[in-house]
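Only one structure is covered here, and it is reproduced in the block below.
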Amino acid sequence: MVDRQRVVIVGSGFAGFECARKLSRIVAKAGRTDVEIVLVSPTDYMLYTPLLPDVAGGLIDPRFVAIPLLNALPKVQLRIGAVTAVDLDRRTLRVDDGHSEDRELSWDRLVLTPGSVTRLFDIPGLAEHANGLKSVAEALYLREQLLRQLELADQEDDEAVRRARRTVVVVGASYAGTELVAQLKALADTYADRRGIDPRKFRFLLLDTADQVMPEVGEQLGDKVLEVLRGRGIDIRLGTTLKELSPGRVLLTDGTEVATHTVAWVTGVEGAPLLKTLGLELQKGRLVVDADLSVPGRRDVFAGGDAAAVPDLTKPGQITPPTAQHASRQGKALARNVAASLGIGATRDYRHRDMGLVVDLGPGFAVANPLGVQLSGRFAKAVARGYHVFAVPRGVNRWAVSLAYATNLVTPRPLALLGLVSREEAGFARSEGIDS
Ligand SMILES: Cc1cc2nc3c(=O)[nH]c(=O)nc-3n(C[C@H](O)[C@H](O)[C@H](O)COP(=O)(O)OP(=O)(O)OC[C@H]3O[C@@H](n4cnc5c(N)ncnc54)[C@H](O)[C@@H]3O)c2cc1C
């Protein structure tokens, strides 16, 4: 009898999804029936996170950015649950499905791709009164919270209370936070238009400790973004962050007190909590791996994506940044190298030169720097949308996203409140698994 080899992949984000997809193809092509691929994930979908700001802005439906694993990965076994512990000596791990006792699963090759979670700081009230943007629940909650507050404001007689309900604070002016504030503002503008309210009555603040917005796209494009967003009435305060949060109020480090019920915290990420429990070496909270994505000294354990500190062979001495661009390519490299460890093909080091970033900033404006070429305005918008439609990893989802964009060209964003996500479900603990 042939010994079966079980490859367990932890996490169904960009890296885990692409690894499972490519590995199942490689194994099938090699005619190897002795290799079993198991994907462990708390969700039964892969989330295309770059479009979460569009979900929060009510531009696209959350199902469009959720790639169903059962449809997309028919040859991969799914285990819905979170890995709570890994025993590297016994080659086992434990899975919590939230309903029964933790179950043990053995593995012959382990691929660690649990990604990252929002980085929280020791700011009083932050975990209780702010929301992140890493999950469907968080994106939907922000959309609903904004619409709910705008509706409540309209029924309010007290001017101060009305003003607080019409105020939104977003912290983090890198690409995700900047896209979010632009999309929320566009949603509020649509609301104002339908209700016949002056949109200048809504107050949007974007804060960051840095002295530039979106350092990822360089100073020139960053300045352009600053000019356009300020022109839309967004109050951008650089060198400023939150000092304290309490119900209905935030205090900024510049001493300003702002009354608000909607605070988004999008300041960056750190490695998934599981990584700290493994007893393996970490660099900046990410798992140290060799250039072939294996954990040093372990030819049976691999890691990639936001969870791993992957040497950037194109920039000696640096590690690859936590982006979808790298994570999905590392997923494919993981598949190749895991297959090689099982005797199919040869191992290759991971090497990828950054292709730049596209940042969609609401109506008629985007910036992009594909291959170092600086673009802004409507052409950049077409490039950004085209890129995302192309990059969504499933045809049906691609089609749905394209239709949503096309629909938005001729009709305003839908403003209905579904009220499906509670504050608790959208909190950092429930939606991202962060203990705070
Ligand atoms: C709002 C936003 C916008 C972004 N925009 C861009 C962009 O435009 N371009 C770009 O390149 N990048 C972008 N990024 C970054 C990009 O999303 C990440 O770099 C990418 O998701 C990393 O992929 P990953 O597979 O490593 O991790 P993730 O996508 O985070 O996936 C990790 C998976 O592991 C699961 N998991 C976690 N812990 C466990 C556990 N214990 N057991 C089992 N499963 C677990 C998680 O549930 C998740 O499904 C954006 C991120 C955000 C939040």
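Whatever order the structure lists ligands and atoms in, that order sets their numbers, starting from 1. Hydrogens, waters and symmetry mates are skipped; everything else that's a heavy atom, side chains included, is used.
The L133 neighbourhood of ligand 1 comprises atoms 1 (C), 53 (C), with distances under 4.0 Å to a heavy atom of that residue. Of all the atoms in ligand 1, the ones that sit under 4.0 Å from a non-hydrogen atom of S116 are 30 (O). Against a heavy-atom cut-off of under 4.0 Å, V40 is close to the following atoms of ligand 1: 43 (C), 44 (N). Listed by number with element, the atoms of ligand 1 under 4.0 Å from a non-hydrogen atom of A176 are 1 (C), 2 (C), 3 (C). Here is the list of ligand 1 atoms found below 4.0 Å of a heavy atom in Q325: 11 (O). Atom numbering of ligand 1 starts at 1 in the shown order; those under 4.0 Å from a heavy atom of T113 are 32 (C), 33 (C), 34 (O). Each of the following atoms of ligand 1 lies closer than 4.0 Å to a heavy atom of G305: 26 (O).
Applying the side chain to side chain contact (heavy atoms under 4.5 Å, CB included) test to E144 and every residue at least two apart in sequence or in another chain returns R148, L417, L418.
Nearest protein heavy-atom neighbour of atom 31 (O) of ligand 1: G13 CA, 3.2 Å. For atom 38 (N) of ligand 1, the nearest non-hydrogen atom of the protein is P114 CB, 3.6 Å. The shortest contact between atom 27 (O) of ligand 1 and any protein heavy atom is with G115 CA, 3.2 Å. Atom 52 (C) of ligand 1 has its closest protein heavy atom at T49 CB, 4.1 Å. Looking at atom 26 (O) of ligand 1, its nearest protein heavy atom turns out to be D306 N, 2.8 Å. When only non-hydrogen protein atoms are considered, atom 34 (O) of ligand 1 lies nearest to G11 CA, 3.2 Å. The shortest contact between atom 45 (C) of ligand 1 and any protein heavy atom is with P42 CD, 3.8 Å. Shortest contact from atom 20 (C) of ligand 1 to any protein heavy atom: F14 CD1, 3.6 Å.
Contact annotation for V269 and ligand 1: no heavy atom of the residue comes within less than 4.0 Å of the ligand. With a 4.0 Å cut-off on non-hydrogen atoms, Y175 touches ligand 1 through its side chain and not its backbone. When non-hydrogen atoms are compared, ligand 1 lies under 4.0 Å from the side chain of A327 (C-beta onward) but not from its backbone.
Relative to the ring axis of F202, R166 does not place its NZ or CZ within 45° and under 6.0 Å from the centre.
Between the side chains of N131 and R423, at least one donor N or O sits under 3.5 Å from an acceptor N or O.
Taking the six-membered ring for Trp, W265 and F121 have ring centres closer than 6.0 Å.
The residue from E138, K134, R94, R79 that puts a heavy atom closest to atom 30 (O) of ligand 1 is K134.
Residue pairs meeting the ring pair (Phe, Tyr, Trp, His ring centres under 6.0 Å) criterion with at least one partner in residues 40-65, sequence neighbours excluded, are F14-Y48, Y48-H388.
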What verdict does the side-chain hydrogen bond (donor to acceptor under 3.5 Å, both in side chains) test give for Q149 and T260, after you've listed the backbone C-alpha separation in whole Å, the side-chain angles of each residue and the deciding distance to 0.1 Å? CA-CA 9 Å; Q149 293 303 319; T260 178; over 6 Å; no
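Exactly one of R348, R299, R351, R336 qualifies for a salt bridge (Lys or Arg N to Asp or Glu O under 4.0 Å) with D292. That residue is R299.
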